[in-house]
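Since the model is a prediction, treat every value here as computed from it, not as a measurement. Indexing begins at 1, ligand by ligand and atom by atom, following the structure's order.
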Amino acid sequence: MLLKAPAEPIPIQEISIHHRNIKLFIKREDLIHPQISGNKYWKLFYNINNYLDENPENPYLITFGGAFSNHIAAVSAAGNLSGIPTLGMIRGEELENKWRDNPTLLFAKRNGMNLKFVTREEYRHKEKLTEFLQNGFPEALIIPEGGTNEEAVEGIKMMLNDQTKDFDYLCTAVGTGGTVAGIAKFCEDNQKVIGFKVVDDASLENKILELTSGRNFNLIDSYFGGYGKIKDENIRFINDFKVKYGIPLEPVYTGKMMQKVFELIDEDYFPENSRILCFHTGGLQGIEGANLLLEKQNRNLII
Ligand SMILES: *Cc1c(COP(=O)(O)O)cnc(C)c1O
């Protein structure tokens, strides 16, 4: 088995706030593995372990992602650690000659991932591409963008345990929806799940409902300018948060979720005495790439 459950429980840290006796905590899934971080570890857990248990003769992992994708980084690291060759289908043919300037793609390449750059148009038709690749590599495991499928949702169950049962609200950032679906599927009946949408995708709710049966989750917009866009106010928030609580956040998912959680607390969205748990889903590898962009724009960096 390549990916293992952690020997020690993942720490849950208190974020001390003083408002209506609300207790806010963060579960540090970002600490699960130095290279396969946060929710991506759990989304790959059964995908890769089950695939290897089936003993393909020539294991091969193929997946999809954008230039700064945490999922691409995670799959490349998993492949490198297990000696399985990997292929990443990357959105944007213009990156063909520029991938060395991109820390995520450089990391993937150094992990031995073969990168293939496709146009946005081709990328949009990923189903076709998937079919084509599966015909070409019948033994390959093709993992969808962001890693979301039924096995990924099963893996998210590993983020929940006896300690997480203590909370009224469970919060996570939402990209493709697999993580919030898994939390909603496996949490306790009395717990409320909030997904903080960082992608403006109207079909997300239905996609999540296909992966979990209940409607025990709410989606809250948390775009701050759009997917992958970085607002100065969010950089300030992320940097203040790190100074005050010693916990790093990144600007695509966790930084936006956490800023929105603070806003909701201020707006009295949560009742008095609420116990809130936010999942730190990792993705800190993205900070380096974000800072390169910010530097070019002469803006403040993420510390
Ligand atoms: C991918 C990712 C998410 C979103 O997970 P989905 O299952 O795609 O919704 C959240 N946070 C981080 C850090 C991620 O890398």
Side-chain angles (χ1 to χ4, degrees), residues 10 26-33 35-47 63-78 91 104 107-108 126 143-160 170-186 193-201 203-212 217-224 227-228 230 234 238 241 247-261 278-290 302:
I10 303 284
I26 187 163
K27 185 161 186 271
R28 299 289 308 275
E29 301 295 342
D30 58 306
L31 300 175
I32 179 79
H33 191 281
Q35 279 136 31
I36 312 172
S37 111
N39 63 340
K40 299 304 184 282
Y41 188 92
W42 297 120
K43 293 175 82 171
L44 292 174
F45 188 80
Y46 290 115
N47 272 294
T63 195
F64 302 84
F68 298 98
S69 165
N70 295 326
H71 172 67
I72 287 289
V75 171
S76 74
R91 183 180 56 223
T104 302
F107 175 78
K126 281 186 288 298
I143 307 172
E145 178 182 48
T148 288
N149 57 17
E150 275 175 30
E151 282 169 310
V153 170
E154 285 302 305
I156 294 298
K157 188 177 181 181
M158 305 286 268
M159 287 170 38
L160 302 173
L170 300 174
C171 302
T172 186
V174 177
T176 56
T179 305
V180 71
I183 294 172
K185 185 167 179 181
F186 297 112
V193 178
I194 307 180
F196 293 82
K197 270 185 10 172
V198 301
V199 184
D200 189 1
D201 175 357
S203 67
L204 255 178
E205 177 144 9
N206 284 332
K207 285 183 189 156
I208 295 165
L209 283 168
E210 278 172 24
L211 295 165
T212 175
F217 65 90
N218 267 319
L219 296 180
I220 292 185
D221 294 350
S222 200
Y223 308 134
F224 293 100
Y227 182 68
I230 310 174
N234 195 229
I238 288 169
F241 192 87
I247 298 172
L249 302 172
E250 46 68 49
V252 182
Y253 296 99
T254 54
K256 289 183 174 179
M257 165 189 70
M258 211 35 118
Q259 183 169 354
K260 192 72 191 179
V261 167
C278 297
F279 289 94
H280 192 316
T281 41
L284 299 172
Q285 67 86 27
I287 292 176
E288 199 185 338
I302 298 160

Verify whether one side chain among Glu29 and Asn39 offers a donor that lies under 3.5 Å from an acceptor in the other.
no

How would you list, by chain and number, every residue that makes a side-chain contact (heavy atoms from CB on, under 4.5 Å) with Tyr223, sequence neighbours excluded?
Lys197, Asp200, Asp221

Report all N/O contacts between ligand 1 and the protein shorter than 3.5 Å as a table of atom names and distances to 0.1 Å; if there are none, say 'none'.
unit_1	atom_1	unit_2	atom_2	d
ligand 1	5 (O)	Asn39	ND2	3.0
ligand 1	5 (O)	Thr179	OG1	3.4
ligand 1	7 (O)	Lys43	NZ	2.5
ligand 1	7 (O)	Gly178	N	3.3
ligand 1	7 (O)	Thr179	N	2.9
ligand 1	7 (O)	Thr179	OG1	2.7
ligand 1	8 (O)	Lys43	NZ	3.2
ligand 1	8 (O)	Thr176	N	2.8
ligand 1	8 (O)	Thr176	OG1	2.5
ligand 1	9 (O)	Gly175	N	2.7
ligand 1	9 (O)	Thr176	N	3.2
ligand 1	9 (O)	Gly177	N	2.8
ligand 1	11 (N)	Thr281	OG1	2.6
ligand 1	15 (O)	Lys40	NZ	2.7
ligand 1	15 (O)	Asn70	ND2	2.7

Can you measure from CD1 (Ile32) to CE (Met159) and round to the nearest 0.5 angstrom?
10.0 Å

Within the distance-only criterion (no hydrogens, no angle test), does the side chain of Glu151 pair as donor or acceptor with the backbone N or O of Gly155 below 3.5 angstrom?
no

With sequence neighbours left out, the residues meeting side-chain contact (heavy atoms from CB on, under 4.5 Å) with Ala77 are Gln35, Ile36, Phe107, Asn111

With sequence neighbours excluded, what pairs up with Pro248 under the side-chain contact (heavy atoms from CB on, under 4.5 Å) test?
Arg28, Lys242, Leu284

